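Sequence lines set the chain letters: A, B, ... in the order given, protein chains first and strands last, and positions in each chain run from 1. Keep in mind that the numbers below use all heavy atoms, side chains included, and drop hydrogens, waters and symmetry copies. Because the structure is predicted, anything quoted here is derived from the model rather than measured.
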2 protein chains.
Amino acid sequence: MVDISPQRPQTRIQRRNTEAILEAALEVFSAQGFRGATLDQIAQAAGLSKPNLLYYFPSKEAIHLELLSGLMDVWLAPLRAMDPEGEPRAEIMNYMRRKLEMSREMPRESRLFANEILQGAPRMMEGIEGDLRTLVDEKAAVIRGWAEAGKIAAVDPHHLIFSIWALTQHYADFDVQVRAVLGPERDPFAEAGQFLDTLFERLIAP
Amino acid sequence: MVDISPQRPQTRIQRRNTEAILEAALEVFSAQGFRGATLDQIAQAAGLSKPNLLYYFPSKEAIHLELLSGLMDVWLAPLRAMDPEGEPRAEIMNYMRRKLEMSREMPRESRLFANEILQGAPRMMEGIEGDLRTLVDEKAAVIRGWAEAGKIAAVDPHHLIFSIWALTQHYADFDVQVRAVLGPERDPFAEAGQFLDTLFERLIAP
DNA sequence: TTAGGGTTTGACCGTCCGGTCAGAGACGGA
DNA sequence: TCCGTCTCTGACCGGACGGTCAAACCCTAA
């Protein structure tokens with residue numbers, strides 16, 4: 001029996017294999033979408049047989065769900081880290097930079113997320129309407145306070161956050177398009193760092 | 001025999017049915033992705049039987065391809081319309097506004113496109129590396145000229161275009177997330193119009 | 001009205017794919 | 001060494017799905 005309960009008294013083999021499976025599943029799901037991925041692909045990428053894979057997870061859906069639920073926290077960490085007591089412009093710029101770095105370091109996670117939202121977020125709606133919305137509203141209130149205090153320009157806080165998401169995730173989710181347009185010599189993420197610094201400096205400067 | 005050649009001497013029935021199929025396919029593909037969509041779903045949405053659908057198109061892939069190739073031109077039209085002889089700031093702002101309007105009026109097309117790019121653009125690469133790249137490079141050169149003439153701020157033209165894509169398409173592709181965060185009373189697209197006007201005004205002001 | 005093509009359908013096929021199962025191997029504690 | 005549990009596998013199942021086909025239906029132009 002495999003124990004999927006919160007605290008897992010796992011053997012070495014269990015830990016190694018579940019990790020390999022989740023890693024492989026992230027690779028495949030993010031590249032093919034849920035429906036496009038097959039258990040055979042995931043099993044092969046993980047170096048296991050399909051029945052063996054199903055020994056560790058009860059179903060394809062369970063693997064997907066495990067990835068998504070694990071992702072939510074990681075994904076929101078940078079926003080959570082935005083400090084209401086910090087220096088307003090630095091806090092916003094740092095949030096944006098952390099988010100861009102996540103796009104560079106974790107493009108597969110970004111695409112997994114994008115795939116899910118594109119399909120109408122059938123397996124994430126509760127998390128989005130719950131945790132995510134709560135957190136965004138909370139941070140939006142902080143930003144609004146900064147704007148009212150004249151520390152940053154008066155812009156809609158929710159859309160400011162959306163613009164950070166859109167611009168940073170674009171470089172991960174549309175990577176192939178960006179690279180195809182820029183050509184092989186240019187470094188999208190390095191340039192994006194420069195460009196987005198300029199963009200947001202000008203947007204939030206009081 | 002159905003004629004799919006460039007100029008089609010179609011009967012009324014043919015035109016009606018191929019249109020119904022493409023409309024239905026757009027609905028289903030954009031919501032489920034290529035792999036997630038089934039011919040039965042498309043046929044049902046089009047009000048036809050599956051074999052009848054396959055009388056008009058040789059395969060699922062062919063329908064998808066027809067949609068994508070038709071989409072490319074529509075999608076790039078606003079950028080094509082950017083006039084090198086026009087007033088620089090107005091041209092850029094109008095391009096952004098047209099793009100945002102397309103996100104509002106054609107969210108399914110936007111999601112179809114996003115789905116394709118996310119999967120690595122297996123069926124669009126030639127178009128992206130060809131037409132799209134050529135057009136973007138051409139317009140980027142125009143924008144660079146405007147910047148060098150001091151008509152707009154000095155920003156990287158390619159990334160300026162990317163930012164317009166990212167910000168406008170975000171409201172179509174991530175619609176469910178945006179609405180879930182904003183709540184049912186707020187109008188995402190109306191607010192986006194305001195916000196993006198401010199953002200790009202500040203970005204490109206010389 | 002009727003011949004001929006365009007149009008539609010039910011039945012069917014082969015494959016892919018998620019998932020099951022009985023049992024074989026491997027491993028560790030006593 | 002031996003036993004019990006954990007781990008792994010080949011063979012298989014049933015449903016979904018893309019696609020085919022022969023035959024029936026219908027529309028229209030002469």
Side-chain angles (χ1 to χ4, degrees), chain A residues 1-5 7-29 31-68 115 119 122-123, chain B residues 1-5 7-29 31-68 115 119 122-123:
Chain A
M1 269 294 292
V2 177
D3 187 10
I4 307 285
S5 59
Q7 74 290 6
R8 335 183 171 180
Q10 293 188 322
T11 67
R12 267 185 311 281
I13 294 179
Q14 274 177 36
R15 190 164 14 248
R16 171 167 54 82
N17 282 348
T18 52
E19 253 169 48
I21 290 170
L22 289 174
E23 159 69 23
L26 174 60
E27 186 74 25
V28 177
F29 279 138
Q32 320 266 11
F34 179 75
R35 202 65 167 22
T38 73
L39 287 179
D40 285 290
Q41 285 174 48
I42 299 173
Q44 190 181 351
L48 301 173
S49 67
K50 187 171 62 167
N52 198 11
L53 183 155
L54 287 165
Y55 170 72
Y56 291 98
F57 288 89
S59 69
K60 181 184 180 182
E61 178 115 11
I63 304 176
H64 195 239
L65 236 51
E66 179 82 8
L67 281 178
L68 287 182
N115 255 307
Q119 318 287 325
R123 307 161 216 274
Chain B
M1 270 297 290
V2 176
D3 185 10
I4 306 285
S5 60
Q7 75 290 4
R8 334 180 172 181
Q10 294 189 317
T11 68
R12 268 186 309 283
I13 294 178
Q14 273 177 35
R15 186 157 23 241
R16 172 168 53 82
N17 282 349
T18 53
E19 254 170 46
I21 290 170
L22 289 174
E23 159 68 23
L26 174 59
E27 187 73 26
V28 177
F29 279 137
Q32 319 266 13
F34 179 76
R35 202 64 169 22
T38 73
L39 287 179
D40 285 291
Q41 286 175 48
I42 298 173
Q44 190 180 353
L48 301 173
S49 67
K50 187 173 62 169
N52 197 11
L53 183 154
L54 286 165
Y55 170 71
Y56 291 98
F57 288 89
S59 70
K60 181 183 179 183
E61 178 115 10
I63 304 176
H64 194 239
L65 235 51
E66 179 82 9
L67 280 177
L68 287 182
N115 255 306
Q119 318 288 325
R123 308 160 216 275

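Here the CG-NE2 distance, from A:L26 to A:H64, works out to 10.0 Å after rounding to the nearest 0.5 Å. Taking NZ of A:K60 as the start and OG1 of A:T38 as the end, the distance is 7.0 Å to the nearest 0.5 Å. In this structure, CD on A:E23 lies 9.5 Å from CD on A:E19, to the nearest 0.5 angstrom. Here the straight-line distance linking atom OH of A:Y56 with atom CG of A:L48 works out to 7.0 Å at 0.5 Å rounding.
For the OP1/OP2 pair of C:dT7 and a distance below 4.0 Å, the side-chain nitrogens and oxygens of B:N52 include no atom meeting the criterion. Of the side-chain N and O atoms in B:Q14, one or more sit less than 4.0 angstrom from OP1 or OP2 of C:dT7. Note on A:S49: a side-chain N or O is less than 4.0 Å away from OP1 or OP2 of D:dT9. OP1 or OP2 of C:dT8 has not a single side-chain nitrogen or oxygen of B:Y55 nearer than 4.0 Å.
Residue A:I63 contributes atom CD1, which lies 10 Å from atom P of C:dG18 at whole-angstrom precision. Separating the CD atom of A:E61 from the C1' atom of C:dG18 is a distance of 12 Å, rounded to the nearest angstrom. Rounded to whole angstrom, the span from the CD1 atom of A:I21 across to the P atom of D:dT7 amounts to 11 Å. Between A:L53 atom CG and C:dC17 atom P the separation is 15 Å, expressed in whole Å.
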side-chain contact (heavy atoms from CB on, under 4.5 Å), that's the test. Do B:R123 and B:F34 meet it? Break it down for me. CA-CA 11 Å; B:R123 308 160 216 275; B:F34 179 76; 3.3 Å; yes
Give the intermediate values and the outcome of side-chain contact (heavy atoms from CB on, under 4.5 Å) for residues A:F29 and A:I63. CA-CA 10 Å; A:F29 279 138; A:I63 304 176; 4.1 Å; yes
Run the side-chain contact (heavy atoms from CB on, under 4.5 Å) check on A:Q32 and B:R35 step by step: do they pass? CA-CA 9 Å; A:Q32 320 266 11; B:R35 202 64 169 22; over 6 Å; no
From CA spacing to verdict: side-chain contact (heavy atoms from CB on, under 4.5 Å), A:Q44, A:V28: CA-CA 10 Å; A:Q44 190 181 351; A:V28 177; over 6 Å; no
Mark up nucleotides 24-30 of chain D, 5' to 3', with B wherever a protein heavy atom is under 4.0 angstrom from a base atom, S wherever such an atom reaches only the sugar-phosphate, and - elsewhere. ----S--
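You'll find that the side chain of A:Y56 is closest to D:dC8, out of D:dC8, D:dC6, D:dT20. Among D:dA11, C:dT7, C:dA11, the nucleotide with an atom closest to any side-chain atom of A:P51 is D:dA11.
Partners of A:R16 according to the side chain to side chain contact (heavy atoms under 4.5 Å, CB included) rule, which considers only residues two or more places apart in sequence or in another chain, are A:I13.
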Tabulated below should be each protein N or O lying under 3.5 Å from an N or O of nucleotides 13-18 of chain D; please produce it.
{"from": "D:dC17", "atom 1": "OP1", "to": "A:R35", "atom 2": "NH2", "distance (Å)": "3.0"}
{"from": "D:dG18", "atom 1": "OP1", "to": "B:A37", "atom 2": "O", "distance (Å)": "3.2"}
{"from": "D:dG18", "atom 1": "OP1", "to": "B:K60", "atom 2": "NZ", "distance (Å)": "2.9"}
{"from": "D:dG18", "atom 1": "OP2", "to": "B:L39", "atom 2": "N", "distance (Å)": "2.8"}
{"from": "D:dG18", "atom 1": "N7", "to": "B:K50", "atom 2": "NZ", "distance (Å)": "3.0"}

